[in-house]
> 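Below are the C-alpha cells for one structure; questions will follow.
Sequence lines set the chain letters: A, B, ... in the order given, protein chains first and strands last, and positions in each chain run from 1. No hydrogens, no waters, no symmetry mates; every other heavy atom, side chains included, goes into these values.
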Number of protein chains: 2
Amino acid sequence: MGESRRVTLKDIARSLGVSVNTVSRALADKDSVGEDTRARIKAEAARLGYVPNSMARSLVLGSAMTLGLVITNPSNPFYSQLISTIEQRGRTHGYSLMLLVTEESPEVDRRAAETLLRWGVDGALVVPVQGEGEHWERLDESGIPLVCLNRDLPTLDLDFVGVDYEHGAYEATRHLIDGGARSLRLLEEDLPISPVAERTAGFRKALAEAGISSAGDPVISVPTRRRESLALPWEPADAYRLAQDIVDQGDLPDAVMVGNDYFALGVYRALTEAGLRVGDDVLVGGFGDHPFSAYLSPGLTTVRLPAAQIGTAAVDLLLNRIRGGSHGGGDNAAAEKRRERCDLVVRASSRASKGTMT
Amino acid sequence: MGESRRVTLKDIARSLGVSVNTVSRALADKDSVGEDTRARIKAEAARLGYVPNSMARSLVLGSAMTLGLVITNPSNPFYSQLISTIEQRGRTHGYSLMLLVTEESPEVDRRAAETLLRWGVDGALVVPVQGEGEHWERLDESGIPLVCLNRDLPTLDLDFVGVDYEHGAYEATRHLIDGGARSLRLLEEDLPISPVAERTAGFRKALAEAGISSAGDPVISVPTRRRESLALPWEPADAYRLAQDIVDQGDLPDAVMVGNDYFALGVYRALTEAGLRVGDDVLVGGFGDHPFSAYLSPGLTTVRLPAAQIGTAAVDLLLNRIRGGSHGGGDNAAAEKRRERCDLVVRASSRASKGTMT
DNA sequence: TTGAAAGCGCTAACAG
DNA sequence: CTGTTAGCGCTTTCAA
C-alpha cells in the first residue's frame, strides 16, 4: 500500500469541494471558518493522513523555524552535552536543528556558514574553528543572528556564551598550591583558541600571586596528533608521552594541571609507571569532570563545566536575538560576551595522602 | 551596512536586464546560455553576494537533500561517533543533517517521525526508542526510507545496521572462561532493546558451551535511574551499587561482564573497595572500548565497537534506498539486517597477574 | 464565512 | 541561445 505522493491541502479541498485556503485556515484554527466546515475538514485531513509541508510553509512565511548548530567534534563530551541541551531546548521552542560537524577544518567551517545561509536558518550556534572567522560575522550581518559557543572570537563583534575558564584554572591552581605545590606545570592543547588562552592566564595568575616562578615556562603545549579516525575525543596518548618526558627529565613538578580530563589519564599512567603516586608524590588537576574522572584511582580533582547552563543560555540569547528582529544593522545591540562560572570538584588526586606535607 | 533582504535571482535578472531563468540556468551551468551572458551573470551574482535559497529549490525539486538522524543520547560515546561519521559522510554526498534527540522518550520518538515527515527529509537514520515503533514503519511507507541504527526492531520490516553484539559477548565470555573463570555474571542495562538481548544471548551461549551452570541467573539487570541531567552517558554509580551488593552477598563470581565500559568503572570501584584486585581476584570485561578504558588500572578488556563502519554502512545503505526510487511499495526490496563484527581488545583486567590459576 | 488571485524563490517545460 | 508560462505547497491579501 502507500501511493507515495504526499497528501496536500489541494487533495483535501478537492475531496471536500471547498477551496484550498479554507482548508488552510481551518487547519490553522483561524476564526474565520464555520464550525461545521472546520470539523469536516479536520476529519478529512485525518482520514487522508495529511501532513503539512514545512518547506512550503517556510518559504512563504520566511522562517524555517530551524537553528543551525556547528560543532567541531561531537565526541568531546562537553560538546555532546551541548548538543543534547540545545536540541532539546530548541525543540521546546518549536525549532528543528541542523547539525554541522567541522572537525577543526577551516574549510569546512567556512562552508558551514554558507550552508546555513542557503537554508536560511533562523539563527546559529557555533563553536568556531580557529582562524579568522569573518564568514561568521558576515552571516550575522546577513540577518542570521549567531552566538559563539565555548570559543570566543574576541576581535569580532559576535555574541558569545562560554565558560569562565580563567576563573576555573585560577581556582584549581590555587587549590594545588594550597595543597603544598611549589613547582607546577600546565599541559594544554596546542590550539590557538580562547579556552586554552584563558586557562593559561588563570594558571599563571595563581602562580604569580603565590610568588612562584620557575626556570622554564611551566605551560607545556601538547602536540596533538591529527586524529586518525575522526570523531574521537582528546587523545590521552599525547599527554602520556609528554608526561613521560617530564618524568624522564628529572625535574619533577609536584603538581600538574591539564586542560582536559583525557590528558589526565595520560599523566596518571606516566606517573604510575614511573613508580610515582598520584595525589601523593604529584598532585593532578583536570578540566571537564568527565564521567570517568570520579572513578579513577585516585579520583581526579577537576573543574566541572556547566554544559547544560551554557547550552540553555546560548539558546535563550539566540532566541532573543531572533525575536529582536532586524538584526542586519550590526549596531543594533552590542555583542554580549558571557562566561558562566565553573566549580572545582576536589578529589583524591589533589589531596596528599601520605601524611602532612612538611 | 547590510540591508537584510536576501539577494534573489530576480535581483540579478533585473540588474542585468535579463530574465530570471536565464540567470537560473547560467548559475546552474546549463549549456543553453551564451558564454558572455553567463560570465556577466556570474559576476553580478558574486558582486551582489547571491546565495541560492535551498528552501525554494527543494520545494520545486521535491528533494531537500537532507537526512534525518534520530538519536536517543548523544552523550553515549558510541552514538557521538555515529553522529560524526554520519554527518561527514552525508555531507560528502551533498546532504545536510537534521538531528533529533529522543532521550528514550517514546513520545518524543513518535513526534520525531512526524517532524521528519513534515520536513520531507530524503531519508532517516534512527536509533529507535524501545516500544512499538510502527510510526517508523509508517514513515518508511510514506516514501521516506529509513535504516535503524544499533537497535533492531525485529518485528518490523525495516533496514537495520548494527553490531554483532552476540558474537562480541560470546567471544569476551569465552575469553574469560579460558582465563579460568567458572562463576560469571553479566551486568546489563534494564532496557528491552536488541543490543541487551543479543549480548545476553552471547554470554549465555558461551556459558552453556563450557558446561557452566549456576544456582541463580547469572544475568543481572542494572536498574538505571532516570538520569537527572539529561545528556549523560551511562551512570557508573548504578553498576557500582549493584556490584557492592554482589560482593556483600558473599557469593563472589570470578569474572564479571558488563554491557558497557561505564558500568565497568563502577565494578572496579566496588571490587577495589572490598580489597579485591581486578584482573586477579576477579576478571572484568566490558563493551565499547571507550577512550578511558585503556588507561584504567588495570586496563579494561573490552569489545571494540566499529562505530565508523556502522555509520558509513548505514549511510550508504540509506543512500541506495533513496536512489532506489519508489520506496513506497514495501515489497520493493526485502529489509536488510546487517550486523558488523566487533573485536575483543584484551587488557590486564582479564589476565590473572598473581600467578597461574590453580 | 468563503473563494479567487497573488506570491514566496526557484526550476522545468515550452516557445520564440 | 533566451524569454514566457506554469507550478512546487502553502499563506495572505482582497473581494464576494
> Does A:Arg110 pair with A:Glu107 as a salt bridge, N-O distance under 4.0 Å?
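Salt bridge between A:Arg110 and A:Glu107, a charged N being under 4.0 Å from a carboxylate O: yes.
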> Quick one: do B:Asp11 and B:Arg6 make a salt bridge, cutoff under 4.0 Å?
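No, this pair does not count.
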> Any side-chain N or O of A:Arg57 under 4.0 Å from OP1/OP2 of D:dT11?
yes
> Just checking B:Thr37: base, sugar-phosphate only, or nothing, at a heavy-atom cut-off of under 4.0 Å?
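Sugar-phosphate: the residue B:Thr37, judged by heavy atoms under 4.0 Å, touches backbone atoms but no base.
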> Measure CG/A:Leu61 against P/D:dC8 and give the value in whole Å, please.
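Going from A:Leu61 (CG) to D:dC8 (P), I get 19 Å.
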> Once you round it to whole Å, what is the distance between P of D:dT11 and CG of A:Leu27?
9 Å
> Here's a test of your reading of the structure: between A:Val20 and B:Leu59, which maps to the more 5' nucleotide of DNA chain D?
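Comparing both residues, the 5'-ward one is B:Leu59.
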> Closest-nucleotide mapping onto DNA chain C: is B:Arg25 or A:Gly34 further toward the 5' terminus? I mean the 5' end.
A:Gly34
> Let me know the distance between CG of B:Leu9 and C1' of C:dG9, rounded to the nearest Å.
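Atom-to-atom, B:Leu9 to C:dG9, this comes out as 7 Å.
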> Give the rounded distance in Å between these two atoms: CG of A:Leu16 and P of C:dG3.
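Rounded to the whole Å, the gap is 10 Å.
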> Output the single nucleotide from C:dG3, C:dG7, C:dG9 whose closest atom is nearest the side chain of B:Ala56.
C:dG9
> Between P on D:dC10 and CZ on B:Arg118, what's the gap in Å once rounded to a whole number?
11 Å
> Please state how far atom CD in A:Glu35 lies from atom C1' in C:dT1, giving the value in whole angstrom units.
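Value for this atom pair: 12 Å.
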> Indicate whether OP1 or OP2 belonging to D:dT2 is found under 4.0 Å from a side-chain N or O atom of B:Lys30.
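For D:dT2, OP1/OP2 do not have a side-chain N/O of B:Lys30 under 4.0 Å.
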> Would A:Arg38 and A:Asp29 pass as an ion pair if we require N to O under 4.0 Å?
yes
> Just N and O in the side chain of B:Ser24: are any of them under 4.0 Å from OP1 or OP2 of C:dC10?
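Looking at the OP1 and OP2 atoms of C:dC10, neither is under 4.0 Å from any side-chain N or O of B:Ser24.
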> Round to a whole Å and report the spacing from CE of B:Met55 to C1' of D:dT11.
15 Å
> From NZ of B:Lys10 over to C1' of D:dT4, roughly how many Å is that when rounded to an integer?
15 Å
> With distance as the sole criterion, do the side chain of A:Asn21 and the base of D:dT12 form a donor-acceptor contact below 3.5 Å?
yes
> Indicate, with a heavy-atom threshold strictly under 4.0 Å, whether B:Ser32 touches base, sugar-phosphate, or nothing.
base
> So, B:Arg138 and B:Glu134, do they make that salt bridge, N to O below 4.0 Å?
no
> Under 4.0 Å from OP1 or OP2 of C:dT2: is there any side-chain N or O of A:Thr22 that close?
no
> Between B:Lys42 and B:Glu44, does any NZ, NE, NH1 or NH2 come within less than 4.0 Å of an OD or OE carboxylate oxygen?
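The answer is no: the pair does not qualify as a salt bridge.
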